[in-house]
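Here is the structure we will look at.
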Amino acid sequence: METERRIITSCSAMTALFLFMTALMASSSIAATPTQSFEDNFNIMWSENHFTTSDDGEIWNLSLDNDTGCGFQTKHMYRFGWFSMKLKLVGGDSAGVVTAYYMCSENGAGPERDEIDFEFLGNRTGQPYIIQTNVYKNGTGNREMRHSLWFDPTKDYHTYSILWNNHQLVFFVDRVPIRVYKNSDKVPNNDFFPNQKPMYLFSSIWNADDWATRGGLEKTDWKKAPFVSSYKDFAVEGCRWKDPFPACVSTTTENWWDQYDAWHLSKTQKMDYAWVQRNLVVYDYCKDSERFPTLPWECSISPWA
């Protein structure tokens, strides 16, 4: 399926500490708060018996076994905003397992869908987790990037967020921007930036051992099942889509995530993003000339603008 490249990334403890400290200072103006309970926000998509909660209902668990996985989606659709969730990923031997956290304009993988993806690719014990991000417009994806992390995402909860407006998509990990995907008004018939269709937010856990770990060479060890990913503190600040006259049809700049400061990275975010680019990028489709002899048009847009 997707092309996988193995690049060994070495990060010193001091550099990792620097990133952690700058991350704490980054985007201090972004302050989405958790919004109500699971039942208030989500519906189970399939396999309700593979979904559990903590006693207080604040932690949600999705499990995968040899029979099936599980998934949930928001009850509402949104067009533009800030979407955030804390996840703790499957620990131990998770090869072949994918935990997906994404936005999509359709309930299924329809041929005309728009989609914004975080996919967490499982590993053999002792190997690093890989985050794959992707963007779809009208059913066309193939815009993968892969990153390693500066922490073990199985030991504790970390925050994964999406900032989406008409100017840029930014993927954040603990408020650190790891990927910036820009729009451009220079293209009259935009075929790469998803800005027209409202989207649900989803998460799921499923078996993808045909491609997820070392290109499918590492298979899921079902003796280790069930595999469990956990969630808490969902937060959203976005324009909720309401038919037949949604307020999200046009950009209004009434909200912080749709104003000028959210159209570009801040100075501190640019510092963090530069560190990520130097140290954590495992694969970038915009640098894969073998796969794309003519690089896609959007690869020419600077993420720094």
Side-chain angles (χ1 to χ4, degrees), residues 30 32 41-43 45 71-85 100-119 132-145 160-172 177 179-204 234-265 285-286 292 295-303 305:
I30 299 174
N41 288 289
F42 298 100
N43 291 318
M45 290 189 292
F72 58 77
Q73 72 173 76
T74 52
K75 294 181 177 180
H76 305 289
M77 303 183 82
Y78 301 87
R79 183 169 179 263
F80 303 147
W82 170 265
F83 308 88
S84 186
M85 185 90 81
Y101 169 60
Y102 63 104
M103 301 185 71
C104 188
S105 60
E106 301 179 23
N107 288 322
E112 299 297 323
R113 73 190 186 279
D114 286 359
E115 190 170 312
I116 304 166
D117 293 341
F118 271 112
E119 291 180 309
Q132 175 168 285
T133 57
N134 203 353
V135 179
Y136 285 75
K137 173 68 177 281
N138 293 329
T140 300
N142 298 323
R143 300 179 175 101
E144 302 93 346
M145 285 193 71
Y160 304 90
S161 310
I162 296 168
L163 172 65
W164 176 35
N165 54 48
N166 195 43
H167 300 269
Q168 66 175 0
L169 270 168
V170 186
F171 296 80
F172 289 88
R179 181 176 184 180
V180 180
Y181 188 80
K182 286 285 191 176
N183 196 5
S184 174
D185 57 8
K186 296 180 180 180
V187 185
N189 297 315
N190 190 311
D191 63 353
F192 63 88
F193 193 91
N195 59 349
Q196 297 297 322
K197 301 174 184 178
M199 300 193 202
Y200 296 100
L201 186 138
F202 299 83
S203 195
S204 60
F234 172 64
V236 56
E237 290 186 55
C239 183
R240 185 182 296 182
W241 190 265
K242 296 180 181 179
D243 288 325
F245 303 111
C248 317
V249 170
S250 60
T251 299
T252 63
T253 69
E254 293 177 358
N255 303 283
W256 72 263
W257 38 263
D258 206 14
Q259 295 172 352
Y260 180 79
D261 285 347
W263 299 355
H264 321 273
L265 297 183
Y285 80 107
C286 282
F292 299 101
L295 292 178
W297 193 93
E298 69 270 13
C299 292
S300 65
I301 306 174
S302 171

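Values in this document were obtained by computation on a predicted structure and should not be read as measured data.
Partners of K182 under the side chain to side chain donor-acceptor pair (under 3.5 Å) rule, at least two apart in sequence or in another chain, are Q168. Remark: N43 engages K75 in a side-chain contact (heavy atoms from CB on, under 4.5 Å) (not counting sequence neighbours). Remark: T133 pairs with R179 by the side chain to side chain donor-acceptor pair (under 3.5 Å) rule, at least two apart or across chains. Remark: N142 pairs with E144, R291, F292 by the side-chain contact (heavy atoms from CB on, under 4.5 Å) rule, at least two apart or across chains. Applying the side chain to side chain donor-acceptor pair (under 3.5 Å) rule to E115 yields the partners R113; only residues at least two apart in sequence or on another chain are considered. Residues satisfying the side chain to side chain donor-acceptor pair (under 3.5 Å) criterion with Y285, sequence neighbours excluded, are E298.
Looking at heavy atoms from C-beta onward, F202 lies in side-chain contact with Q73 at the 4.5 angstrom threshold. Side chains of N138 and D114 form a contact here, defined as non-hydrogen atoms less than 4.5 Å apart. No side-chain heavy atom of W256 sits under 4.5 Å from any side-chain heavy atom of D261. Side-chain contact between D191 and T140 is absent, with no heavy-atom pair separated by less than 4.5 Å. Using a 4.5 Å heavy-atom threshold, the side chains of N255 and C239 count as separate. Side-chain contact between T253 and Y260: absent, with no pair of heavy atoms (C-beta onward) separated by less than 4.5 Å. Annotation: side chain of M199 is in contact with side chain of P194 (closest heavy-atom distance under 4.5 Å).
With rounding to the nearest 0.5 Å, the separation of SG in C248 from OH in Y78 is 10.0 Å. Between the CZ atom in R143 and the NZ atom in K137 there is a gap of 8.5 Å [rounded to 0.5 Å]. Taken to the nearest 0.5 Å, the CZ atom of F72 stands 4.5 Å off from the OG atom of S203. Here the CG-CG distance, from N190 to N183, works out to 5.0 Å after rounding to the nearest 0.5 Å. The CG atom of L163 lies 10.5 Å from the CD atom of E237; values are rounded to the nearest 0.5 Å. Atom CZ of F245 sits about 10.0 Å away from atom CG of D243, to the nearest 0.5 Å.
In terms of heavy-atom proximity, N165 sits nearest to A262 at ND2-O, 2.9 Å. Residue L295 comes nearest to C286 through the heavy atom pair CD1-O, 3.1 Å, listed as atom of the first residue, atom of the second, then distance.
Remark: side-chain polar atoms of Y160 are not paired, donor with acceptor, to backbone N or O of Y101 under 3.5 angstrom. In this structure, the side chain of D258 does not engage the main chain of F80 through any donor-acceptor pair within 3.5 Å. Of the possible polar contacts, one joining the R79 side chain to the N195 backbone as a donor-acceptor pair under 3.5 Å is found. With hydrogens and angles ignored, the 3.5 Å screen pairs no side-chain donor or acceptor of D117 with any backbone N or O of Y102. Here the side chain of T74 pairs a donor or acceptor atom with the backbone of L201 at under 3.5 angstrom.
Using cut-offs of 30° and 60° on the angle between ring planes, the pair Y181 and F192 is perpendicular. Relative orientation of the F83 and W164 rings is tilted, given thresholds of 30° and 60° on the angle between their planes.
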Q: Please test V135 against F193 for side chain to side chain contact (heavy atoms under 4.5 Å, CB included), starting from the C-alpha separation and ending with a verdict.
A: CA-CA 8 Å; V135 179; F193 193 91; over 6 Å; no
